[in-house]
Student: 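Take this structure first; my questions come after.
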Amino acid sequence: MIEDQFTCPLCGFHGAFMVVRGRPHAQCPQCLSLERHRLQFVMLKKVFVDRDTKKMTALHFAPEQCLRPHMLAMFENYQTADLYRQNVDHQVDIQSLPFADETYDFVFASHVLEHVQNDIKALCEIKRILRPNGVAILPVPIVGLITVEYSEPDPTQDYHVRAPGLDYYERYKNIFSSIVMVSSLDVEPSIQPFVYSNNEYVVSNGEWVHPYWLEGRKFIDKIPICYR
């Protein structure tokens, strides 16, 4: 494989990916999937390979356009949700969901909880609406060793209310029965699931090192698969 030639598992595009926010090889030019979307899509298919998703109900928070049609085709009953967006099935607050207990077999919320003030309450709500043997995929951007909470949303960080660290997923362990962590190393590199940083994050002697750093400007991404 040529170094800058990749294949998107969502749309089948093969070729060079686009730069996004200074990250080389980040975005598919056809379906606009990013590194995390390609990793999540492949792992989603692996998680449900032995389960009949045509009998399952799914809830997708802050639905990404590149993933939305695939989930719609995958699940018998696919629903979307967001706090502000109008083009969703449910305009709801993830911290206080109006759904009955054990309504959904699958909940997906990618890069959502770093925007949520009471994330513990949101996690409890997600578990509450999951059916027995239900699954939730709930990744956030890990940016350091220890999670830092902000007093108010930071406009310079897409209005995040916290900077999640390596310790962040420990919160999940107190709520879900089990957590399986998967990473960019668990899928084919040809889909380009790695994050290539901006110059400001290049590792140098004596400076802070990102916890997911591999080499040069290359980092892995990780996603937690949470079982009720």
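Side chains included, hydrogens not; waters and symmetry mates left out as well; all remaining heavy atoms used. No experiment lies behind these values; they were computed from the predicted model shown.
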Student: Nearest heavy-atom pair of P193 and V187: which atoms, and what distance?
Tutor: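 Reported closest heavy-atom pair: CG-CG2, 3.6 Å.
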Student: Sorted by first residue and then second, give each ring-ring contact (aromatic ring centres under 6.0 Å, His included) pair with at least one member in residues 87-108; sequence neighbours left out.
Tutor: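 Listed by first then second residue: F48-F106, H60-F108, F75-F106, H90-F99, F99-Y104.
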Student: Taking the side chain as every heavy atom from C-beta outward, state whether S197 and W213 have any pair of such atoms under 4.5 Å apart.
Tutor: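 The answer is no, as the side chains (C-beta and beyond) never meet within the 4.5 Å cut-off.
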Student: Report, one line per pair, each donor and acceptor closer than 3.5 Å where one atom sits in a side chain of residues 28-36; sequence neighbours left out.
Tutor:
| unit_1 | atom_1 | unit_2 | atom_2 | d |
| --- | --- | --- | --- | --- |
| S33 | OG | R38 | NH1 | 3.4 |
| E35 | OE1 | R23 | NH2 | 3.0 |
| E35 | OE2 | R23 | NE | 2.8 |

Student: Does some side-chain heavy atom of L97 sit less than 4.5 Å from a side-chain heavy atom of R128?
Tutor: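 Yes; the side chains approach each other to less than 4.5 Å.
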Student: Could you grab the distance from atom CZ of R228 to atom CG of D105, nearest 0.5 Å is fine?
Tutor: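 With rounding to 0.5 Å, CZ (R228) is 11.0 Å from CG (D105).
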Student: A side-chain contact here means heavy atoms from C-beta on lying under 4.5 Å apart; do Y212 and L166 qualify?
Tutor: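 When only atoms from C-beta onward are counted, L166 and Y212 do touch, with a gap below 4.5 Å.
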Student: If I compare all heavy atoms of V19 with all of P24, which pair ends up nearest, and what's the gap?
Tutor: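 It is CG2-CA, 4.0 Å.
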Student: How close do P63 and Y78 get, counting heavy atoms only, and between which atoms?
Tutor: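 Heavy atoms of P63 and Y78 come nearest at CB-OH, 4.0 Å.
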Student: So does V20 get a backbone contact from the side chain of Q27, meaning a donor-acceptor N/O pair under 3.5 Å?
Tutor: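 Between the backbone of V20 and the side chain of Q27 there is no qualifying donor-acceptor contact (under 3.5 Å).
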Student: Please determine whether side-chain contact (heavy atoms from CB on, under 4.5 Å) holds for the pair I137 and M43, giving the CA-CA distance in whole Å, both sets of side-chain angles, and the decisive distance to 0.1 Å.
Tutor: CA-CA 10 Å; I137 295 181; M43 295 311 306; 5.8 Å; no
Student: Any side-chain to backbone donor/acceptor pair from E170 onto Y168? Under 3.5 Å, distance only.
Tutor: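 Not at all, since once roles are kept as given, no pair shorter than 3.5 Å links the two residues.
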Student: What I'd like to find out is whether the side chain of F61 reaches to under 4.5 Å of the side chain of D82, using heavy atoms alone.
Tutor: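 F61 vs D82: side chains apart.
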Student: Just by modelled atom types, is the I142 backbone N or O under 3.5 Å from a matching donor or acceptor in the H210 side chain?
Tutor: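 Between the backbone of I142 and the side chain of H210 there is a qualifying donor-acceptor contact (under 3.5 Å).
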Student: Around L185, counting heavy atoms of other residues, nucleotides and ligands shown, do more than 12 lie under 6.0 Å from its CG?
Tutor: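 Atom CG in L185 is packed in, count exceeds 12.
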Student: Would you kindly confirm whether M74 and L72 end up in one hydrophobic cluster when ILVMFWY residues are joined by side chain heavy atoms under 4.5 Å apart?
Tutor: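 Result: yes, single cluster for both.
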Student: Assigning hydrophobic clusters by single linkage (Ile, Leu, Val, Met, Phe, Trp, Tyr; side-chain heavy-atom cutoff under 4.5 Å), is I120 placed with L138?
Tutor: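 They do share one cluster, since a chain of ILVMFWY contacts under 4.5 Å joins I120 to L138.
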Student: Can you tell me how far the CD1 atom of I129 sits from the CD1 atom of I94, to the nearest 0.5 Å?
Tutor: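 Atom-to-atom, I129:CD1 and I94:CD1 are 8.0 Å apart.
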Student: For N133, look at atom CG and say whether over 12 heavy atoms of other residues, nucleotides or ligands are found less than 6.0 Å away.
Tutor: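 No, CG of N133 has 12 or fewer neighbouring heavy atoms, counting only those of other groups under 6.0 Å.
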Student: Is the number of heavy atoms from other residues, nucleotides or ligands under 6.0 Å of E188 CD greater than 12?
Tutor: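 Not buried by this count: 12 neighbours or fewer within 6.0 Å.
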Student: Is the closest side-chain heavy-atom distance between L123 and F176 below 4.5 Å?
Tutor: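 Yes. Closest side-chain heavy atoms under 4.5 Å.
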Student: Please name the pair of heavy atoms, one in V47 and one in V135, separated by the smallest distance, quoted to 0.1 Å.
Tutor: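 What the structure gives for the nearest pair is CG1-CG1, 4.2 Å.
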Student: Does this structure show an ion pair linking R162 with D119, if we count only N-O contacts that are shorter than 4.0 Å?
Tutor: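 Between D119 and R162 there is a salt bridge, with a charged N closer than 4.0 Å to a carboxylate O.
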Student: In terms of hydrophobic clusters joined by side-chain contacts under 4.5 Å, are V148 and V116 together?
Tutor: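 V148 and V116: separate clusters.
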Student: Using the ring-ring contact (aromatic ring centres under 6.0 Å, His included) rule, collect all pairs that involve residues 110-158, keeping only residues at least two apart or in two chains.
Tutor: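 Output for this query lists H115-H160.
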Student: Any sub-3.5 Å donor-acceptor pair from T103's side-chain atoms to A100's backbone N or O?
Tutor: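 Yes: the side chain of T103 pairs with the backbone of A100.
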Student: According to a 4.5 Å side-chain heavy-atom criterion applied to Ile, Leu, Val, Met, Phe, Trp and Tyr, with indirect links allowed, do L145 and M181 form part of one hydrophobic cluster?
Tutor: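 Cluster IDs for L145 and M181 match.
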Student: Answer whether the closest heavy-atom distance between the side chains of M71 and L44 falls below 4.5 Å.
Tutor: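 Contact flag for M71/L44 side chains = yes.
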Student: Can you tell me if Q192 uses its side chain to pair, donor with acceptor, with the backbone of F194 under 3.5 Å?
Tutor: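 Confirmed, Q192 side chain pairs with F194 backbone.
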Student: Tell me whether Q95 contacts the main-chain N or O of N118 through its side chain, where contact means a donor paired with an acceptor under 3.5 Å.
Tutor: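 The answer is yes, because a donor-acceptor pair under 3.5 Å joins these two groups.
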Student: What class does the angle between the rings of Y172 and Y169 fall in, given that below 30° is parallel, 30 to 60° is tilted and above 60° is perpendicular?
Tutor: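 Rings of Y172 and Y169: perpendicular, over 60°.
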Student: Under 3.5 Å, is there a donor-acceptor pair between the T147 and D167 side chains?
Tutor: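 On atom types as modelled, these side chains qualify, holding a pair under 3.5 Å.
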Student: Please say whether more than 12 non-hydrogen atoms of neighbouring residues, nucleotides or ligands are located less than 6.0 Å from NZ in K54.
Tutor: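 Counting other residues, nucleotides and ligands, NZ of K54 exceeds 12 neighbours.
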Student: Can you tell me how far apart CG (L39) and CD1 (I223) are? Round to the nearest 0.5 Å.
Tutor: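 The CG atom of L39 sits 4.5 Å away from the CD1 atom of I223.
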Student: Below 4.5 Å, heavy atoms only, C-beta onward: do M56 and R131 meet side chain to side chain?
Tutor: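 The answer is no; the side chains never approach within 4.5 Å.
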Student: Of all heavy-atom pairs between I179 and P224, which one has the smallest distance, and what is that distance?
Tutor: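 The pair with the smallest heavy-atom distance is CG2-CB, 4.0 Å.
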Student: If we only count heavy atoms from C-beta on, is the Q40 to L67 side-chain gap below 4.5 Å?
Tutor: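 Answer yes - side chains close enough.
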Student: How many angstroms lie between SG in C66 and CG in L10, if you round to the nearest 0.5 Å?
Tutor: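 Rounded to the nearest 0.5 Å, the SG-CG separation comes to 5.5 Å.
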Student: Give, for atom CD of Q117 and atom CG of L113, the distance between the pair rounded to the nearest 0.5 Å.
Tutor: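 Q117 CD to L113 CG: 12.5 Å, rounded to 0.5 Å.
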Student: Distance check, rounded to the nearest 0.5 Å: I175 atom CD1 versus E125 atom CD?
Tutor: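 Reported value, rounded in 0.5 Å steps: 11.0 Å.
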